[in-house]
Peer 1: 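Please see the structure below; I have some questions.
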Protein chains: 2
Amino acid sequence: MNTLSYGLLSLLTKHSRTGYELMQHIQPFWQAKHSQIYPLLAQLEQNGYVEFVHVPQSDKPDKKVYSITEKGKEATSLWIAEPTDEPVMRDELALKVYCISLVDKEPALKLLAERKEYYLKKRNRLHLLFDKIKEESGKPLEKLEIHDSQFGPYVLVQKAMMKVDADLSWCEWMKKKLS
Amino acid sequence: MNTLSYGLLSLLTKHSRTGYELMQHIQPFWQAKHSQIYPLLAQLEQNGYVEFVHVPQSDKPDKKVYSITEKGKEATSLWIAEPTDEPVMRDELALKVYCISLVDKEPALKLLAERKEYYLKKRNRLHLLFDKIKEESGKPLEKLEIHDSQFGPYVLVQKAMMKVDADLSWCEWMKKKLS
DNA sequence: CGTAGCATGTAAGCAGTTACATGATTAC
DNA sequence: GTAATCATGTAACTGCTTACATGCTACG
């Protein structure tokens, strides 16, 4: 059981999903390709943490809808209390910025503008997630409390939002520094 | 040539360092173990991007001091202008937070307190980096400009600092939410 | 007397990416 | 027509972590 496996179980505690949906929903918080997720799901199923039903579709390809089992829920609760790995951050831009004095202002500004656009897109996606959570919970976000099912998703998106805002502020700060 | 290899070259544009020092200095921005760095350095040396001198020491183990070559500097400049990989973020805490409604307030607060301590330590280390940069440049940080050697390190530490401050703010926000 | 820091390296294994493989539908 | 979305899977490869290996000095 690696971290991503627990991450998949974590998503499945809210409701059943296909491997494809899991891949999409874990993206903002843990980048994983389908080629990593499908084998892990098969493994989770073999160990009794999840189960699936085969759903044939006519217009789209057939799908497997996975649900978490009791055993899976127990394992997930235990995992939360276990020591947490430190976050891992790998940002090529950071490595480039270290030796930015090698280039002139124009290429440096280009680098920044590209990254700013990436953060703005990410920010938009997070806003959509806020909207979805509001819909699903039927409450204003501020009213959500720990045992509400949507509390976790809400505070997680808030975490991502605060971080992306910090990143955008840095981009603005840098732009001023460079001009 | 992978991203970490360019990262090592990036550090070597400032001054010569040993593999051990490279490992320590790249830590805050790209987590890499010595077992990954040493083979990459050997490879960079074989391809003429870096060279080293063997420095015998009596009290400590002998060391290899690596310097970047002209070829290495050229490659590094070209790399900056190439498309930049999107940042990768893997935070187990984020996955746990998603299903935090499974547990009670106490374990949730414990999780948060542990992470807050981690961020505070990181923040202290970044402050030390600011001090080092100030010393090395001999200027107030705000006076640094793009072609100053210490401009890159300065704005990079600023980036990390703004991010860690956002993370700490989230921890505080969460603590209020949970009490 | 044990632990941390300095300093380098290799080997085995796990995690993650890229590429291969298929195939229908919808939107531009 | 060509790209994107839905949907699953495997194979080969690269990247990264953990463990093995050595050995001296300084600190508590």
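Just so we're clear, the structure is a prediction, and the values are computed from it rather than from any experiment. Letters go in sequence order (proteins before strands), and every chain restarts at 1.
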Peer 1: If you assign each of Ser35(A) and Thr3(B) to its closest nucleotide in DNA chain D, which residue comes earlier from the 5' end?
Peer 2: Ser35(A)
Peer 1: Please tell me if Gln57(B) has a side-chain N or O lying less than 4.0 Å from either OP1 or OP2 of dC6(C).
Peer 2: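 No, because none of the side-chain N or O atoms of Gln57(B) sits under 4.0 Å from OP1 or OP2 of dC6(C).
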Peer 1: Between dA19(D), dG16(C), dT8(D), spot the one nearest the side chain of Gln36(A), thanks.
Peer 2: dG16(C)
Peer 1: Within less than 4.0 Å of OP1 or OP2 of dA7(C), is there a side-chain N or O belonging to Gln24(B)?
Peer 2: no
Peer 1: Return the 5'-most residue of the pair Gly19(B), Arg90(B) with respect to DNA chain C, ranking by each residue's nearest nucleotide.
Peer 2: Gly19(B)
Peer 1: Determine whether the aromatic ring centres of Trp173(B) and Tyr154(A) lie less than 6.0 Å apart.
Peer 2: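 When the ring centroids of Trp173(B) and Tyr154(A) are compared, they turn out to be within the sub-6.0 Å range.
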Peer 1: Can you confirm whether more than 12 heavy atoms, excluding those of Lys71(A), are under 6.0 Å from its NZ atom?
Peer 2: yes
Peer 1: Rounded to the nearest 0.5 Å, what separation is found between the CD1 atom of Ile133(B) and the CG atom of Leu144(B)?
Peer 2: 8.5 Å
Peer 1: Is Glu21(A) touching bases, backbone alone, or none of the nucleic acid, heavy atoms closer than 4.0 Å?
Peer 2: nothing
Peer 1: Using whole Å, what does the distance between atom C1' of nucleotide dC20(D) and atom OH of Tyr38(B) come to?
Peer 2: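 After rounding, the gap between these two atoms is 16 Å.
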Peer 1: Starting at atom CG of Asp85(B), determine the distance to atom P of dG16(C), rounded to an integer number of angstrom.
Peer 2: 16 Å
Peer 1: Ignoring the backbone of Asn2(B), work out which of dT8(D), dG15(D), dT8(C) is nearest its side chain.
Peer 2: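 Among the listed nucleotides, the one closest to the side chain of Asn2(B) is dG15(D).
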Peer 1: CG/Asp62(A) to NE2/His54(A) distance, rounded to the nearest 0.5 angstrom?
Peer 2: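 NE2 of His54(A) is found 4.5 Å from CG of Asp62(A).
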Peer 1: Could you tell me the separation between the CE atom of Met89(A) and the P atom of dG16(C), rounded to a whole number of Å?
Peer 2: 16 Å
Peer 1: In whole angstroms, how far is the P atom of dT8(D) from the CE atom of Met23(A)?
Peer 2: 9 Å
Peer 1: Expressed as a whole number of angstroms, how long is the span from Lys64(A):NZ to dA7(D):P?
Peer 2: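 So the NZ-P distance, Lys64(A) to dA7(D), works out to 14 Å.
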Peer 1: Using a 4.0 Å heavy-atom cut-off, write out nucleotides 23-28 of chain D from 5' to 3' as B (base contacted by protein), S (sugar-phosphate only) or - (no contact).
Peer 2: B-S---
Peer 1: Give the rounded distance in Å between these two atoms: OH of Tyr66(B) and C1' of dG9(C).
Peer 2: 10 Å
Peer 1: Could you check how far NE2 of His34(A) sits from P of dA19(C), rounded to whole Å?
Peer 2: 12 Å
Peer 1: Rounded to whole angstrom units, what separation is found between the OH atom of Tyr20(B) and the C1' atom of dG9(C)?
Peer 2: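 Nearest whole value for this atom pair: 14 Å.
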Peer 1: Look up atom OG in Ser16(B) and atom CD1 in Ile68(B), then write down how far apart they are to the nearest 0.5 Å.
Peer 2: 10.0 Å
Peer 1: Using a 4.0 Å heavy-atom cut-off across all strands, classify Lys33(B) as base, sugar-phosphate, or nothing.
Peer 2: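 Base contact.
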Peer 1: Determine whether more than 12 heavy atoms belonging to other residues, nucleotides or ligands lie under 6.0 Å from atom NZ of Lys14(B).
Peer 2: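 Enclosed: over 12 neighbouring heavy atoms sit under 6.0 Å from NZ of Lys14(B).
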Peer 1: Strictly below 4.0 Å, N to O, side chains only: are Asp148(A) and Lys143(A) in salt-bridge contact?
Peer 2: no
Peer 1: Please state whether the base of dT8(D) and the side chain of Thr18(A) form at least one donor-acceptor pair under 3.5 Å?
Peer 2: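 Under the 3.5 Å cut-off, the side chain and the base do not form any donor-acceptor pair.
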